[in-house]
Amino acid sequence: MADAALLGREAETFARALAGCAAGERVRAAYARFLAHDDAPVTRADRLLLAAARVHPLCARATDAYAARFRKGGALRRRMVLLLALLECAPETYAAVDAPRRGGAALGLARLVWEGTAEALLAVAATLVLGPLHVCALILPEPRA
Amino acid sequence: MNDPLVVVGSGASGLHFAVTALEKGRRVTLLDVGHAREQPVLPDADLAGVKARHADPFAYFLGADFGSLILPGHDGEYYGFPPGKEYVFRQTGGVTARARGFAPLFSFATGGLAEAWTGGSYTFNDADLREFPFDFAEFAPWYERVARRIGVSGTADDLAPFLPPHDGLQPPLDLDGHSAALLDAYAARRERMNTRHGLYLGRARSAVLSRPLADRPACDRLGRCLWGCPTDAFYTPSVTLRALRAHPAFTYVPGVRVEHFTCGDGGRIARVHATDIATGAARSFETGTLVLAAGTLCTAKIVLDSLRRAGAGDVALAGLSDNRQVMMPFVTLSRIGHAHEPRSFQYHQLALALTAEDPFENVHGLVTTLKTALVHPVVQSIPTSLGTALRAFRDVRAALALLNVNFPDRRRPGNRVTLEADGDRTRLVVEYAPPPGEAERIQATLARLRGALRALGCIAPRGMVHVRPMGASVHYTGTLPMQATPAPFTTDATCRVRDFENLWVADGSTFPALPAKNLTFTLMANATRIAELCA
């Protein structure tokens, strides 16, 4: 079980990566409250991805881009979806998730192309770095508790 | 129907039977488990207002125990079940089921399953009613009566051949921008859509007020439909129950689960036996006429338990039917980059029909444009990082929609409900197998719909289609069918069970066929018809 301070920092980093906003006290508390009772298994591969994602919001984005393809049901995605759900409900942060992006169809399509390109580059970079480590984490035996 | 007139179940069927019987001057006792809805919070706030002002927004949207949170590995649904409607599916512990090929859902809520419906109030046409003992012309007055009672908005349009109009409609609500764009695109290509694709698009017929009705206001577009309309502009049966409880001839008995009935001299049902939910104590009620409206599966259990106790041996109620539902998300390209409209009616504003050679096999769909649903269930289904998915989602949100496709079903003898021993109680056994060739039919239909959507300027990504498990639509029918030829465990044209002189069934059990439509409106109309004819 991670301690509350670590989970708080994790929530802040993931909130920046997801929505470009601070998580805030209310979200951090709810995040920790859920994880305190979450009994979903966390494997060594999950711990590796979580550690990489905690470093910086950009690392969180890249690691999530990797997890979206190779560890979709893992702990990192689970925590990031949890955080997204909390951000979209909290009074301090819901607008960052919920508010429409304006600008019309042309700008919308341009943003989609840019996002797609950036995602592809991030995913390639993350795969080159995290792929070998993930494979090692999968094939090496888990240490005994 | 003799006194005392006892109704079991406060769902749409039971309440519209009761209200009609009361209108005829009868006294009615209604027995119900009755899990109740909580009082709406912040009734004047729109969705953003709830997020901004609610003391515990996480509990409101995700549940106090996060039960409405949808995490990776979920079953493909795009909506988490709202915490405010948890009472709809809360169980009592006394009804259990073992199912094969079917995922049964039970409701013990005041108002029943329709407390969680999406308001689709669709008429059955003559093709749909082919196996019923009446046609649309005979049945239309009951539709009209219920529509005036509950408030249904809609209009006669291209869907009129499939959803015959009646005189009880209020004008439709103003369309949201996305729905309007789709309807415009259809109007510009109407002939091609009708002749080449066999697709007809029109306004939904919805149980939502566009004009005030009695003490209920018109919809003011708070965008909170999914979490429970705080103003009752959107109809749920508990609205009717609340009104009935003030009626001097109406006795409401909540907190009891009816288990079985017993007959007196002459084979007439004399008493109804129930369990007090709070204490577990047995209670019984004298009855001169019993009307079962507990929902198809619970009604079947009451009948089967009663037969078993009377020594009738193992009986099977055959013909269980349900609509297969497929959820098909799509993107309307011309709406990309537009702002979504959180202040709008949240459920479907458009409906469609896709024709088949046999009109009973027509497929019907409900088009829900995405407005105020929670973001996280949709965003996680996009195959990118969540940050990218969220930003892309915000750009395309006003372009996203969900087509909920309903397929018809027919009674088949192998689809049945029986009982088995479960300790000193009994358990329902539900067996269901889809019709042969169902998967191929679904794929062929989805291919046609994809083509039709393309013609309207929409893209439906293949990987995001979700075929819901049988049982998920909760349109259960067919186990005590109305039929002209007398046979055991069938009902006559007034829905009287032929095996008992004073037993009527007012829920979906009596439907001899299930067209591809929401059936709640027809359930209410049929219950009204039964009461008017027999009470």
Under 4.5 Å from a heavy atom of chain B, the part of [X] involved:
X	value
A90(A)	both
F34(A)	both
A96(A)	backbone

Tell me, side chain or backbone of [X] under 4.5 Å from chain A's heavy atoms, or both, or neither?
X	result
V50(B)	neither
A48(B)	both
R397(B)	side chain

Distance col, row K51(B):NZ vs D98(A):CG, nearest 0.5 angstrom, shows 4.0 Å

Please determine, among [options], the option with the most heavy-atom pairs under 4.5 Å with chain B.
options	result
L86(A), L107(A), L109(A)	L86(A)
R111(A), R69(A), M80(A), E92(A)	R111(A)
A99(A), G20(A), A62(A), A120(A)	A99(A)
C89(A), G74(A), G108(A)	C89(A)

Examine distances only and state if a side-chain atom of E88(A) and a backbone atom of V375(B) form a donor-acceptor pair shorter than 3.5 Å. yes

Check your understanding: R26(A) side chain to D56(B) main-chain N or O, any donor-acceptor pair under 3.5 Å?
Key -> no

Is it true that atom CD of Q91(B) has more than 12 heavy atoms of other residues, nucleotides or ligands lying nearer than 6.0 Å?
yes

> Passes side chain to side chain contact (heavy atoms under 4.5 Å, CB included), E115(A) versus T384(B)? Steps please.
Replying inline: CA-CA 10 Å; E115(A) 291 289 353; T384(B) 65; over 6 Å; no

Could you please spell out the steps behind the side chain to side chain contact (heavy atoms under 4.5 Å, CB included) verdict for L87(A) and H376(B)?
-> CA-CA 10 Å; L87(A) 291 173; H376(B) 75 275; over 6 Å; no

Among residues 342-350 of chain B, residues within the sub-4.5 Å heavy-atom range of chain A, in order of number, are none

In a table with atom names and distances, give each donor-acceptor pair under 3.5 Å that connects a side chain of residues 62-69 of chain B to protein atoms at least two apart or in another chain.
| residue | atom | partner | partner atom | Å |
| --- | --- | --- | --- | --- |
| D65(B) | OD1 | G67(B) | N | 3.0 |
| S68(B) | OG | F81(B) | O | 2.3 |

L386(B) and L18(A) have their tightest heavy-atom pair at CB-CD2, 3.3 Å

Closest heavy-atom pair, S385(B) versus A68(A), reported as atoms and distance to 0.1 Å, is N-CB, 4.0 Å

